[in-house]
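Working notes for the structure below.
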Amino acid sequence: MARFVQKLLPKRFRKKKVLIPVVRLHGAIMAGSAGMGRQSVSMAAVAPLLKKAFERSKAPVVAIEVNSPGGSPVQSRLIYRRIRELAAKHDKKVLVFCEDVAASGGYMIACAGDEIIADPSSIVGSIGVVSGGFGFVDLIRRIGVERRVYTAGQNKATLDPFQPEKPEDVAHLKSLQLDIHAIFIDLVRKSRGDKLANDPELFSGLFWSGGKGLELGLVDRLGDLHGVLTERFGEDVELEVIQAKKGFFSGLVGFGAEARSAALVRNLADVAEEKSLWGRYGL
């Protein structure tokens, strides 16, 4: 009611509000949609929200909330770069607020902030690269299944879970991981600069609480979205959460039983992967 009355008053009598756009990035980072009502983070989904937030010309800063255990390194880096491009284009400062977790790819995105603010109990860091899978060689032998694979290219079936693990395949994967890890480390170093502590464990893949992250230079201060923004811009600060519009058919994956079954199987696999990502941090 008070807001409605304010709109009726002439501009010179209205109470001046400081409007801060807020973009919330919540969920595992992946290229596609999470499905089944779950939240995920991808460049395709995030880009229009970021564009809208940075186009708020009167806003002194853009606030971004990150709550993610990581996921795709490519999507993470794309989002990081997009935030920095928009910040430069619109000459805006970016404040990133870490919630439960800003780890791995989630921390990579957080590095796009001019300042990173975390709760003392937030989990931050995990600057590393991980790959996981299963080996089913003994299982298929036990149940009498014969694996047949035909390739053009001797390495096309690298890391096939139904064949014995080869040392050369593992060595290739490790080399790939080291390349990606080096890119991650370089991004963090350029973003955080001399704020980073000289700690040998910093890029080992370990993760820490927000309080320890402050000591290590991974975050700039401790706090929360409302508290920090009120402290900086006064009691009249107003938050505008930028959200995607959901269409009526956005949750439907297909009307046929076959389409629904296929989508269900894909989503169950995605759920298991997401659970493992969150589970790595005890959540």
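Everything quoted here is computed from the prediction, not taken from an experiment. Computed from heavy atoms alone, side chains included, the values below leave out hydrogens, waters and symmetry copies. Along the sequence shown, residues are numbered consecutively beginning with 1.
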Check this for me: Asp186, atom CG, are more than 12 non-hydrogen atoms of other residues, nucleotides or ligands nearer than 6.0 Å?
yes

Closest non-hydrogen atom pair, Glu201 against Leu206:
OE1-CD1, 3.6 Å

If I compare all heavy atoms of Leu225 with all of Leu239, which pair ends up nearest, and what's the gap?
CD2-CD1, 3.7 Å

Does this structure show an ion pair linking Glu215 with Lys212, if we count only N-O contacts that are shorter than 4.0 Å?
yes

Any heavy-atom pair between the side chains of Ile20 and Phe233 that's under 4.5 Å?
yes

For the atom pair CD (Gln75) and CD1 (Ile109), what is the distance rounded to the nearest 0.5 Å?
9.0 Å

Around atom CZ of Arg221, are there more than 12 heavy atoms of other residues, nucleotides or ligands at under 6.0 Å?
yes

Lys/Arg N to Asp/Glu carboxylate O, Asp114 vs Arg84, below 4.0 Å:
yes

Taking His90 for the side chain and Ala53 for the main chain, is one N or O donor matched with an acceptor at less than 3.5 Å?
no

Heavy-atom pair of closest approach, residues Ile116 and Cys98
CG2-SG, 3.6 Å

Does Lys52 reach the main-chain N or O of Gln243 with its side chain, forming a donor-acceptor pair under 3.5 Å?
no

Measuring from atom CG of Leu218 to atom OG of Ser122, what distance do you get when rounded to the nearest 0.5 angstrom?
12.0 Å

Here the gap from Glu85 atom CD to Leu78 atom CG, rounded to the nearest 0.5 Å, amounts to 9.5 Å

May I ask you to check whether over 12 heavy atoms, not counting those of Lys89, lie within 6.0 Å of atom NZ?
no

State whether the side chain of Lys58 and the backbone N or O of Val18 hold a donor-acceptor pair below 3.5 Å, judged by distance alone.
no

Closest approach of Leu19 to Ala59 (non-hydrogen atoms, all atoms of both residues):
O-CB, 3.4 Å

Under a 4.0 Å N-O cut-off, is there an ion pair linking Arg192 with Asp220?
yes

Out of curiosity, Arg81 CZ to Leu86 CG, how far, rounded to the nearest 0.5 Å?
12.5 Å

Presence of salt bridge, Arg24 and Glu99, under 4.0 angstrom
yes

Measure the spacing between CD of Glu240 and CD1 of Ile242 and express it to the nearest 0.5 Å.
3.5 Å

Do the non-hydrogen side-chain atoms of Val101 and Asn67 ever get within less than 4.5 Å of each other?
yes

Using modelled atom types and a 3.5 Å cut-off, is there a donor and acceptor pairing between side-chain atoms of Ser68 and backbone atoms of Gly70?
yes

What is the distance from atom OG1 of Thr230 to atom CD of Glu235, rounded to the nearest 0.5 Å?
5.5 Å

